[in-house]
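Working notes, structure below.
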There are 2 protein chains.
Amino acid sequence: MLAHPDALNDDDPVSRLRGFIAHGDYRPGSRLPPERELTDELGVTRSILRKALDALEREGAIWRHVGKGTFVSATEAGLTQPRGSLAELGRQLTPVKMMRARLTIEPAICREAAINASNAALTQMNLAMERAHAVSNWQDYETQDDNFHRAIAEATDNPLLVAQFDQLNQVRRAVALGNVVRRSARPGPDHPSFGEHEVIATAISQRDPHGSYEAMRNHLRSVSARLFGEG
Amino acid sequence: MLAHPDALNDDDPVSRLRGFIAHGDYRPGSRLPPERELTDELGVTRSILRKALDALEREGAIWRHVGKGTFVSATEAGLTQPRGSLAELGRQLTPVKMMRARLTIEPAICREAAINASNAALTQMNLAMERAHAVSNWQDYETQDDNFHRAIAEATDNPLLVAQFDQLNQVRRAVALGNVVRRSARPGPDHPSFGEHEVIATAISQRDPHGSYEAMRNHLRSVSARLFGEG
DNA sequence: TCACTCCAATTGGTTGACCAATTTTTCGGA
DNA sequence: TCCGAAAAATTGGTCAACCAATTGGAGTGA
């Protein structure tokens with residue numbers, strides 16, 4: 001497994017700077033030494049130090065102002081637990097935990113979609129579902145499967161829930177990458193997901209919140225069973 | 001939904017660079033123009049451009065090598081989902097939709113926490129809850145309220161769900177900013193949230209998934225009622 | 001003693017020149 | 001015509017000098 005980018009790497013300036021702040025008793029809101037002093041304490045040149053400060057500032061761990069100095073943010077985000085990128089999260093997350101997260105989030109979004117879906121959103125959703133039937137290889141199927149699930153998120157008519165789904169989905173792609181073994185060149189017409197998708201779409205179209213929730217939950221459990229075995 | 005997140009803050013060099021890559025038909029693995037050309041195309045100095053490239057490299061969206069050039073990563077992480085759009089999302093989202101998103105996500109996370117919480121996580125959660133009682137002003141209360149809800153997300157023992165909560169919470173802070181009017185200097189001992197928090201914590205401690213779900217849902221509906229009126 | 005002004009020191013930000021790794025071109029020899 | 005080494009051009013990385021915002025104290029006058 002890959003170590004975290006700057007957890008174990010003492011030669012990484014960003015991790016050294018994090019360590020300096022974390023172990024230097026700098027409380028939120030307190031001021032750091034000026035850059036020209038930090039260069040001495042950390043033993044790096046100013047340009048290298050500034051690159052590390054840029055990274056921490058972008059994460060929100062510190063804020064700076066000309067003439068004033070550099071200060072530790074009120075929320076210590078990124079100091080005790082450096083906020084890894086989503087790609088990094090995808091690399092660390094086990095497929096089982098990925099699936100548990102999907103089972104937690106997606107049925108809830110699906111229920112909200114059943115409550116808020118406009119007719120236009122329903123059309124979009126059904127379109128994505130039908131396209132999945134016509135694909136000629138697994139890669140295209142994945143794309144259309146993505147589109148179908150995303151169409152459900154958009155049917156909630158809530159940009160924040162769409163953003164939540166996108167975050168979930170981005171990590172999912174990183175986790176799934178290269179882990180899947182297919183037994184055929186393309187999904188057959190009896191692929192279980194096709195039927196499950198239709199149950200979901202029907203429930204949402206009928207504005208049935210509980211039915212939509214259960215349909216999505218069953219679908220994901222079915223996917224889970226195919227991935228990890230029935231257990 | 002935001003059609004072009006990058007178009008909205010043209011002043012952020014990172015967003016502009018993201019937009020340039022996203023709309024410039026650069027496929028994963030392809031090479032970007034050299035820095036000295038990008039400065040012309042984006043109309044920024046090289047140092048500003050390099051700071052933006054540093055940010056994208058740290059996110060894993062690109063990789064660079066001296067003499068070779070700058071390349072788009074195999075996984076397009078950070079290009080379709082620019083981090084900067086969250087602040088914009090917070091500005092556009094109505095408080096009502098914010099609350100609907102919370103009602104969709106947080107009870108689901110709370111149920112998952114009841115299933116997976118370790119004893120250490122429970123301790124952390126209870127600690128955050130007790131701290132909220134001792135605050136002397138509303139700002140500290142908000143902080144401790146944040147901590148309590150985040151402790152629940154961490155109790156799921158699932159980094160992805162924590163990331164989902166963080167995204168939700170980040171937008172919430174942007175939405176809530178400056179919208180709240182308080183009638184007293186600090187939360188009184190009979191503040192409804194105190195009791196509701198305890199119900200939640202108890203349900204999670206007893207590993208009661210359904211009870212935890214309902215407790216969180218009731219809490220959020222109570223907050224919603226205080227914000228928007230009973231309707 | 002207080003208030004105000006001004007100047008020097010401090011501090012983060014920016015710039016242009018230079019450095020080193022890599023690729024491309026050039027050109028002589030077989 | 002082909003090969004290979006050397007030179008030139010390209011490209012990302014680094015550095016030292018300089019810039020501008022801010023602070024704080026010395027100086028001045030009422």
Checklist entry - Is any side-chain nitrogen or oxygen of A:Lys51 closer than 4.0 Å to OP1 or OP2 of D:dG13? => result no
Next on the checklist: Give me the atom names and distance for the closest heavy-atom approach of A:Val162 to A:Glu154.
Outcome noted: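 Minimum heavy-atom contact is CG2-CA, 3.8 Å.
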Checklist entry - Closest heavy-atom contact between A:Ile109 and B:Thr104? => result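 Closest approach of A:Ile109 to B:Thr104, heavy atoms only: N-CG2, 3.9 Å.
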Checklist entry - For the side chain of B:Thr123 and the backbone of B:Asn119, is there at least one donor-acceptor N/O pair under 3.5 Å apart? => result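 Confirmed, B:Thr123 side chain pairs with B:Asn119 backbone.
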[X] [atom1] - [N] [atom2] separation (whole Å):
X       : N      : atom1 : atom2 : answer
B:His65 : D:dT14 : NE2   : P     : 12 Å
A:Arg50 : D:dG13 : CZ    : P     : 17 Å
B:Leu17 : D:dG12 : CG    : P     : 12 Å
B:Trp63 : D:dG12 : CH2   : C1'   : 12 Å

Next on the checklist: Parallel, tilted or perpendicular, judged at 30° and 60°: which one describes the rings of B:His219 and B:His197?
Outcome noted: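 Rings of B:His219 and B:His197: perpendicular, over 60°.
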Next on the checklist: Whether B:Arg100 and A:Asp157 form a salt bridge (side-chain N of Lys/Arg under 4.0 Å from carboxylate O of Asp/Glu) is what I want to check.
Outcome noted: no
Item to check | Short N-O contact, B:Asp54 and B:Arg64, less than 4.0 angstrom | outcome: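 Looking at B:Arg64 together with B:Asp54, the answer is yes, because their closest N to O distance falls below 4.0 Å.
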Item to check | Contacting residues from residues 31-42 of chain A, given that a heavy atom lies under 4.0 angstrom of DNA chain D | outcome: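 Correct list: A:Arg36.
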Next on the checklist: Can you give me the first and the last nucleotide of DNA chain C (5' to 3') that has an atom within less than 4.0 angstrom of a non-hydrogen atom in chain B?
Outcome noted: C:dT14 to C:dT23
Next on the checklist: Do A:Met98 and A:Thr94 make a side-chain contact, defined as non-hydrogen atoms from C-beta onward lying under 4.5 Å apart?
Outcome noted: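 No. Closest side-chain heavy atoms not under 4.5 Å.
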Checklist entry - More 5' along DNA chain D: A:Gly67 or B:Asp54, using each one's nearest nucleotide? => result B:Asp54
Next on the checklist: Does A:Thr45 reach a base, just sugar-phosphate, or nothing at all? Heavy atoms under 4.0 Å.
Outcome noted: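 Since only primed, P, OP1 and OP2 atoms lie under 4.0 Å of A:Thr45, the category is sugar-phosphate.
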Checklist entry - Any chance CZ of B:Arg46 has more than 12 other-residue heavy atoms, nucleotides or ligands included, within less than 6.0 Å? => result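 More than 12 within 6.0 Å, yes.
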